[in-house]
Amino acid sequence: AQKVTQAQTEISVVEKEDVTLDCVYETRDTTYYLFWYKQPPSGELVFLIRRNSFDEQNEISGRYSWNFQKSTSSFNFTITASQVVDSAVYFCALSAKRETAGNKLTFGGGTRVLVKP
Amino acid sequence: DAGITQSPRYKITETGRQVTLMCHQTWSHSYMFWYRQDLGHGLRLIYYSAAADITDKGEVPDGYVVSRSKTENFPLTLESATRSQTSVYFCASNDRGNYEQYFGPGTRLTVT
């Protein structure tokens, strides 16, 4: 069985501070995908990033960066210089690379980020 | 409109009533999914479908029924709604070989 744990339920920061969201996962699959989704107050789910389990290269995209460490089963996400518009719930998710099973996602419980002006 | 749509967006029903939530996608994606979102649980998979007429259970299927007679539609039916089924329901789809999943806007269901 797969499991995704986001230990932080809520993080509150002041604008321009950096925010790091933790994600720890469990899976028996050797090949899998990890995702981050953002859910703003309007309620829709916005895809942010997907990483393959065989690609541990970390990435920076604008104010977002990701730290994938297979050895510790962690896939952390950082927002640099946070802005009020970053206020949202962020979900980490995992899926196995099994074509016949589709892309069934296992989600963490989410971390609510509140950025205060 | 292109994309994935859900209807209704909001629904209030009474315990014991049958409710059907609709999901429609215009991309002809092979895979479709239903998730429910509850505080503290994130999103949990209810049912999914790999193609028309092929469906399978997810993590929390009890009390729900699905069908998929056409590729573009994937309705979710609560045969006898219970208060524990009060939730936000998301439909999603992805194409074969593409692991980015696209989500609908969600349906907020309240069972009184």
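Keep in mind that this is a model prediction, so the values were computed, not measured. In what follows, chains carry the letters A, B, and so on, assigned in the order in which the sequence lines appear, proteins first and then strands, with residues in each chain numbered from 1.
- Between B:Phe90 and A:Gln39 there is a side-chain heavy-atom pair separated by less than 4.5 Å.
- The number of heavy-atom neighbours closer than 6.0 Å to CZ of A:Arg63, taken from other residues, nucleotides and ligands shown, is above 12.
- Neither the backbone nor the side chain of B:Tyr102 comes within contact range of chain A, judged by heavy atoms closer than 4.5 Å.
- When heavy atoms are compared at a cutoff of 4.5 Å, A:Gln6 does not approach chain B at all.
- Linking Ile, Leu, Val, Met, Phe, Trp and Tyr residues whenever their side-chain heavy atoms come within less than 4.5 Å places A:Ile49 and A:Leu34 in a single cluster.
- Interface with chain B: from residues 109-117 of chain A, residues A:Gly109 qualify, criterion being any non-hydrogen pair under 4.5 Å.
- In the hydrophobic clustering of ILVMFWY residues, with side-chain heavy atoms under 4.5 Å counting as a link, A:Phe107 and B:Met32 come out apart.
- Proximity to chain A (any heavy atom under 4.5 Å) is restricted, for B:Gln37, to the side chain, taken from C-beta onward.
- Contact detail for A:Leu105 and B:Tyr35: the closest heavy-atom pair is N-OH, 3.2 Å.
- For residues 66-74 of chain A, heavy-atom neighbours of chain B at less than 4.5 Å comprise no residues at all.
- What you find for A:Arg50 and B:Glu100 is that their closest heavy atoms are NH1-N, 4.5 Å.
- The shortest non-hydrogen separation linking B:Gln101 to A:Tyr37 is O-OH, 3.1 Å.
- Proximity to chain A (any heavy atom under 4.5 Å) is shown, for B:Leu43, by both the backbone and the side chain.
- The hydrophobic clustering, which links ILVMFWY residues whose side-chain heavy atoms are closer than 4.5 Å, places B:Ile46 and B:Leu78 together.
- The number of heavy atoms from other shown groups lying within 6.0 Å of CD1 (B:Ile54) is above 12.
- Residues B:Phe74 and B:Phe33 fall into different hydrophobic clusters, defined by Ile, Leu, Val, Met, Phe, Trp and Tyr side chains chained together at heavy-atom separations under 4.5 Å.
- Residues B:Leu21 and B:Phe103 fall into different hydrophobic clusters, defined by Ile, Leu, Val, Met, Phe, Trp and Tyr side chains chained together at heavy-atom separations under 4.5 Å.
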